[in-house]
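Below, chains carry the letters A, B, ... as their sequence lines are ordered, and counting in each starts from 1.
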Amino acid sequence: MQHNLANNIPEYLARLNPEQAEAVETTDGPILVLAGAGTGKTRVLTTRIAHIISQNLAYPNQILSVTFTNKASREMKERVAGMLQRDVSGMWLGTFHSICAKILRRHAELLGFEQNFTILDADDQIRLLKKIMQDLKIDEKKWSPKVMMSIIQGLKDKGKKPEKVDSSYAGHIAEGRLAEIYATYQKRLKGMNSMDFGDLIMHCTNLFEEHSDVLALYHSYFKYILVDEYQDTNVVQYLWLRLLAQGSGNICCVGDDDQSIYSWRGAEIDNILRFEKDFANATIIKLEQNYRSTQNILSAASGLIAKNQGRLGKTLHSQGDKGNPVKVKFLWDGDEEAKFVAQEIESFNQIITAEKHKLSEFAVLVRAGFQTRAFEERFLTLNIPYKVVGGLRFYERAEIRDACAYIRVLMQPSNDLALERIINVPKRGIGKSSIEALYRNAREQGIPFYDSAVQMVQNKALATKARNELGELLGNFDRWRRMLNDVEHAEVVSLMLNQSGYIQMWKDEVQKEKSIEAQGRLENIDELVRAIGEFESLEDFLEHISLVMENEEANLSGEMVNIMTLHAAKGLEFDTVFLPGWEEGLFPHQRALDESGDGGLEEERRLAYVGITRARKNLFISHAANRRVYNQWQTSIPSRFLKDLPEDNVENMPSNLSIHSPSAQNASYSSYGTESREKSPLSQVPAGNGFSIGERVFHQKFGYGFINKMSGDNLEINFQHSGKKTLKTAYVEKV
DNA sequence: GGGTCCCCGTTTTTT
DNA sequence: ACGGGGACCC
């Protein structure tokens with residue numbers, strides 16, 4: 001970018017505000033940058049890296065830069081490379097997990113692992129733990145493997161190895177056998193040469209603690225350490241960072257205590273609150289100049305978050321207009337709420353014509369996943385393109401996990417879980433009893449599941465059908481493995497999935513008319529094979545999917561309204577944001593209150609703060625009087641967070657729920673509570689009555705339109721998306 | 001090994 | 001209400 005690196009005031013610094021510049025130029029010692037929403041956090045981080053490199057303070061490979069998500073690290077890499085116009089691939093830039101994995105592979109033998117250890121995903125973890133609990137005869141009803149797994153995960157997040165599990169804490173869990181279960185789980189993982197995600201950080205921290213020479217090596221590597229989203233770090237990540245920072249002492253953490261919303265998965269807000277105590281002589285810099293939102297939106301956010309006790313405290317300033325007030329709307333129920341949001345989106349593009357409002361600049365941010373349904377239905381009826389961001393990720397889909405399991409068995413035959421997953425997929429007549437026998441044999445001989453299978457086929461120790469089928473499968477795997485020597489690896493995968501009968505299994509599903517999903521699954525598999533072709537080798541590919549694989553198809557970005565959870569929205573911004581469901585019990589969520597008390601309430605409030613600060617120009621907050629929860633109607637009261645919003649920045653929109661004259665469709669809703677209600681308000685409009693030419697109306701299928709002609713109870717309507725139709729008045733509602 | 005019935009859980013989610 | 005998973009039976 002700048003042409004003269006020797007220049008004392010490089011161009012990139014001139015483009016920062018004083019606080020940002022200070023955060024970039026304070027290169028030495030511990031520094032905490034408290035970066036409020038929209039204050040240019042990423043710009044500071046990337047500029048800081050560029051500064052360090054361009055001032056020759058360090059080579060790229062002497063910088064460690066840690067993020068939480070692959071997306072964040074990818075973006076940072078791109079931006080730094082763009083700023084410097086030079087190769088920065090030598091930088092240690094990645095997620096906590098990928099960097100720990102990289103370090104662990106170099107020193108695996110010191111911890112009793114092999115260099116090519118595999119990384120278990122959440123599903124495999126639970127399956128393994130479940131098996132262990134069965135072996136140990138733990139009552140699965142009382143102590144579900146899922147719950148036990150999250151307890152173990154919690155211990156790992158704190159850096160606690162099994163031998164450090166405090167018996168006073170563990171005493172009441174699983175009949176006092178938590179430490180035993182945990183220890184067995186760790187032993188089994190090591191036996192499989194596997195680690196789970198929590199292990200990556202914990203083992204790496206242990207490596208540093210137990211091998212001072214290794215730690216010294218990394219001290220000599222890392223002159224500068226940068227950490228993004230510091231408020232999201234957990235205890236073991238903090239310990240890991242502290243060990244590394246003992247080297248140069250140059251650690252820069254960027255974060256926002258007000259956006260800490262992940263305590264439930266181990267994030268420790270205390271890390272950021274305590275920074276000054278943890279790192280002596282720390283510099284603290286607050287970034288409070290917001291470049292994103294209008295003053296009304298910022299004031300609303302500031303007023304709300306000020307109600308929290310546990311915070312470092314900062315106030316965002318806008319340099320822009322006051323903007324529109326935050327609009328609050330009260331509605332009858334969730335469907336009405338969806339209707340309201342859709343209507344607002346449509347009117348933005350119809351009534352206001354001066355400015356083009358891109359659909360991708362609208363976002364609906366919900367507290368819980370089930371809320372998306374009402375919006376999807378409404379957008380579908382109105383033909384408003386939308387996408388639900390962050391649904392099932394690509395690699396979590398059954399067919400992708402199956403295909404990956406095949407590849408794992410091919411490459412890592414000792415991966416017991418992978419073989420177990422696909423041994424009878426498609427159905428080969430190798431059922432529960434055969435699998436149990438194979439496991440028993442494996443355990444007795446102390447050999448992997450795969451070797452046990454080879455042995456039992458040879459010994460003719462299984463039922464004939466199972467033996468023949470298993471023999472064929474194992475023979476096939478041998479053949480596919482040999483094929484790798486002279487056939488392109490993606491091609492081998494394709495052949496394997498075909499010859500194993502896996503592809504045929506889904507094709508059969510397509511035939512059976514269960515096809516809607518099956519066809520998609522086949523397409524996903526094609527996509528996977530294509531993606532595999534882009535990797536150097538299958539080893540590379542497996543490492544990638546363990547650590548990084550994301551939903552590639554999310555790239556098909558078009559002009560669509562975004563629907564997502566508040567959590568998924570962190571870090572994003574939109575012109576217009578809708579925050580529905582601000583009702584007690586839903587937001588703040590009852591479970592957060594029940595499980596975490598005041599702390600839980602404060603985290604919910606931070607979540608509200610995150611939601612509000614996503615909006616650049618327009619913010620709509622809504623709440624409904626009635627909501628269906630587990631298919632039961634509940635009346636709800638407005639969220640306490642609404643009262644936290646400063647009155648001056650808020651406008652209450654007129655509500656047709658006022659005391660008198662409920663609108664036509666609300667009339668039939670007069671009975672509250674549990675009674676089943678009309679699915680749609682179709683029949684609630686009096687026939688042949690009350691319509692007039694030019695009136696805007698709504699139809700369940702065709703959406704919004706205007707009345708062209710009327711005769712009797714027939715209406716000719718010009719629909720916005722579906723053209724002219726003639727319909728009976730009974731099927732049309734007023735809007 | 002596969003079909004059927006019952007019971008549980010149903011906030012947020014990255015790696 | 002509803003889906004997934006386990007128990008139970010053939």
Side-chain angles (χ1 to χ4, degrees), chain A residues 66-73 94-101 119-127 130 134 140-142 144-147 150 153 156-157 195-202 204 228-229 232-234 236-237 260-267 365-373 389-393 395-396 398 424 427-436 463 465-466 469 543-551 564-571 581 585-596 600 603-604 606-608 610-611 628-633 674 676:
Chain A
V66 217
T67 63
F68 271 85
T69 63
N70 294 301
K71 189 170 160 235
S73 78
T95 61
F96 277 99
H97 294 86
S98 68
I99 285 168
C100 286
I119 299 161
L120 246 56
D121 65 29
D123 221 74
D124 286 344
Q125 289 176 41
I126 292 180
R127 287 198 298 151
K130 188 172 175 179
Q134 281 164 355
E140 263 184 74
K141 287 267 165 56
K142 236 174 138 188
S144 82
K146 210 174 136 201
V147 167
S150 66
Q153 212 59 255
K156 290 185 177 184
D157 288 343
M195 298 186 193
D196 65 20
F197 284 114
D199 284 338
L200 292 174
I201 320 284
M202 187 174 73
C204 195
D228 193 13
E229 306 277 19
D232 287 339
T233 50
N234 60 32
V236 71
Q237 284 160 340
S260 167
I261 55 173
Y262 284 111
S263 72
W264 49 274
R265 65 181 198 210
L365 309 182
V366 298
R367 176 63 182 85
F370 76 88
Q371 289 174 269
T372 65
R373 213 201 75 243
V389 179
L392 249 204
R393 266 162 296 283
Y395 72 96
E396 282 169 356
N424 201 31
K427 300 255 187 299
R428 299 187 173 92
I430 305 168
K432 226 181 353 186
S433 52
S434 305
I435 291 172
E436 261 168 38
K465 167 136 171 78
E469 289 277 347
E543 176 77 358
H544 175 78
I545 54 161
S546 299
L547 283 171
V548 243
M549 191 144 165
E550 279 155 28
N551 194 351
M564 70 189 94
T565 62
L566 287 159
H567 284 89
K570 197 171 124 198
L586 178 57
F587 193 36
H589 200 281
Q590 194 57 47
R591 276 187 73 164
L593 302 179
D594 291 347
E595 286 168 16
S596 316
E603 180 149 319
E604 294 286 292
R606 291 193 290 271
L607 196 51
V610 167
R628 193 161 40 192
V629 185
Y630 310 135
N631 268 353
Q632 276 218 314
W633 285 96
T674 55
S676 75

Chemist: Judged by atom type as modelled, is there a donor-acceptor pair below 3.5 Å linking the side chain of A:Q371 to the main-chain atoms of A:A368?
Modeler: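 Flag set: sc A:Q371 to bb A:A368 pair under 3.5 Å.
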Chemist: Would you say B:dT11 has OP1 or OP2 under 4.0 Å from some side-chain N or O of A:Y630?
Modeler: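 A:Y630 to B:dT11 OP1/OP2: side-chain N or O found under 4.0 Å.
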Chemist: Starting at CZ of A:F587 and ending at C1' of B:dT12, how long is that distance when rounded to a whole Å?
Modeler: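 So the two atoms are 11 Å apart, to the nearest Å.
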Chemist: May I ask you to evaluate whether A:N70 reaches the phosphate of B:dT15, defined as a side-chain N or O under 4.0 Å from OP1 or OP2?
Modeler: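 Indeed, a polar side-chain atom of A:N70 lies that close.
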Chemist: Who pairs with A:R591 by salt bridge (Lys or Arg N to Asp or Glu O under 4.0 Å), at least two apart in sequence or on another chain?
Modeler: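 With neighbours one apart ignored, the set is A:E595.
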Chemist: What's the shortest heavy-atom distance between A:A466 and A:G429, and which atoms?
Modeler: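 Closest heavy-atom pair between A:A466 and A:G429: CB-O, 3.8 Å.
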Chemist: Hey, what do you get for CG (A:N424) to CD (A:E469), rounding to the nearest 0.5 Å?
Modeler: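 The CD atom of A:E469 is 9.0 Å from CG of A:N424, to the nearest 0.5 Å.
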Chemist: Rounded to the nearest Å, what distance is computed from the NE2 atom of residue A:H589 to the C1' atom of nucleotide B:dG9?
Modeler: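 Distance check: A:H589 NE2 to B:dG9 C1' gives 13 Å.
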Chemist: Does A:L607 reach a base, just sugar-phosphate, or nothing at all? Heavy atoms under 4.0 Å.
Modeler: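 No contact.
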Chemist: Which value, rounded to the nearest 0.5 Å, describes the distance between A:L547 atom CG and A:I99 atom CD1?
Modeler: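 Reported to 0.5 Å precision, the distance equals 11.0 Å.
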Chemist: To the side chain of A:S434, which of B:dG1, B:dT11, B:dT15 is closest?
Modeler: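 For A:S434, the side-chain atoms sit closest to B:dG1.
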Chemist: Can you confirm whether A:Q153 sits close enough to A:D196 that some side-chain heavy atom of one is under 4.5 Å from a side-chain heavy atom of the other?
Modeler: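 A:Q153 reaches A:D196 side chain to side chain.
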Chemist: Just checking A:G198: base, sugar-phosphate only, or nothing, at a heavy-atom cut-off of under 4.0 Å?
Modeler: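 Result for A:G198 = nothing.
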Chemist: Would you say B:dT11 has OP1 or OP2 under 4.0 Å from some side-chain N or O of A:R591?
Modeler: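 For B:dT11, OP1/OP2 do have a side-chain N/O of A:R591 under 4.0 Å.
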Chemist: Output yes when at least one side-chain N/O atom of A:T95 is less than 4.0 Å from OP1 or OP2 of B:dT14, else no.
Modeler: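 No, A:T95 has no side-chain N/O under 4.0 Å of OP1/OP2 on B:dT14.
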Chemist: Closest to the A:T565 side chain: B:dT12, B:dT11, B:dG2?
Modeler: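 Nearest to the side-chain atoms of A:T565, counting from C-beta on, is B:dT12.
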Chemist: Rounded off to whole Å, could you give me the CE-to-P distance for the A:M564 and B:dT14 pair?
Modeler: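 Between P of B:dT14 and CE of A:M564: 12 Å.
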Chemist: Under 5.5 Å between ring centres and under 30° between planes: true for A:H97 and the base of B:dT15?
Modeler: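 Stack criterion not met.
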Chemist: Nearest whole angstrom, please: distance from the P of C:dG5 to the CD1 of A:I126.
Modeler: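 Those two atoms, CD1 and P, are 11 Å apart.
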Chemist: Side chain of A:E595, heavy atoms from C-beta onward: which of C:dA7, B:dT11, B:dT13 has the nearest atom to it?
Modeler: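 In terms of side-chain proximity for A:E595, the closest of C:dA7, B:dT11, B:dT13 is B:dT11.
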Chemist: Among B:dT15, C:dA7, B:dT11, which nucleotide sits nearest the side chain of A:E604?
Modeler: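 In terms of side-chain proximity for A:E604, the closest of B:dT15, C:dA7, B:dT11 is B:dT11.
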Chemist: Which whole-number value in Å describes the distance from A:F370 CZ to C:dC2 P?
Modeler: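 In whole Å, C:dC2 P lies 16 Å from A:F370 CZ.
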Chemist: From the options B:dT11, B:dG1, B:dT13, select the nucleotide whose nearest atom is closest to the side chain of A:R265.
Modeler: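 Of B:dT11, B:dG1, B:dT13, B:dT13 is nearest to the side chain of A:R265.
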Chemist: Distance check needed: B:dT10 P versus A:R367 CZ, whole Å only.
Modeler: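 For the pair A:R367 CZ and B:dT10 P, the rounded distance is 14 Å.
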Chemist: For A:W264 and B:dT12, do the ring centres fall under 5.5 Å apart while the planes stay under 30° apart?
Modeler: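 It does: the ring sits over the base of B:dT12.
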Chemist: Please compare A:K432 and A:L566 by the position of their nearest nucleotide in DNA chain B and report the one closer to 5'.
Modeler: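 That would be A:K432.
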Chemist: How many Å lie between CG on A:D196 and P on B:dT14, as a whole number?
Modeler: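 Taking atom P of B:dT14 as the reference, CG of A:D196 is at 17 Å.
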Chemist: Identify, between A:F197 and A:A592, the residue whose nearest nucleotide on DNA chain B lies closer to the 5' end.
Modeler: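 Its nearest nucleotide lies further toward 5', so the answer is A:A592.
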Chemist: Please report the distance, rounded to the nearest Å, between CD in A:Q125 and P in B:dT15.
Modeler: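 Answer to the nearest Å: 14 Å.
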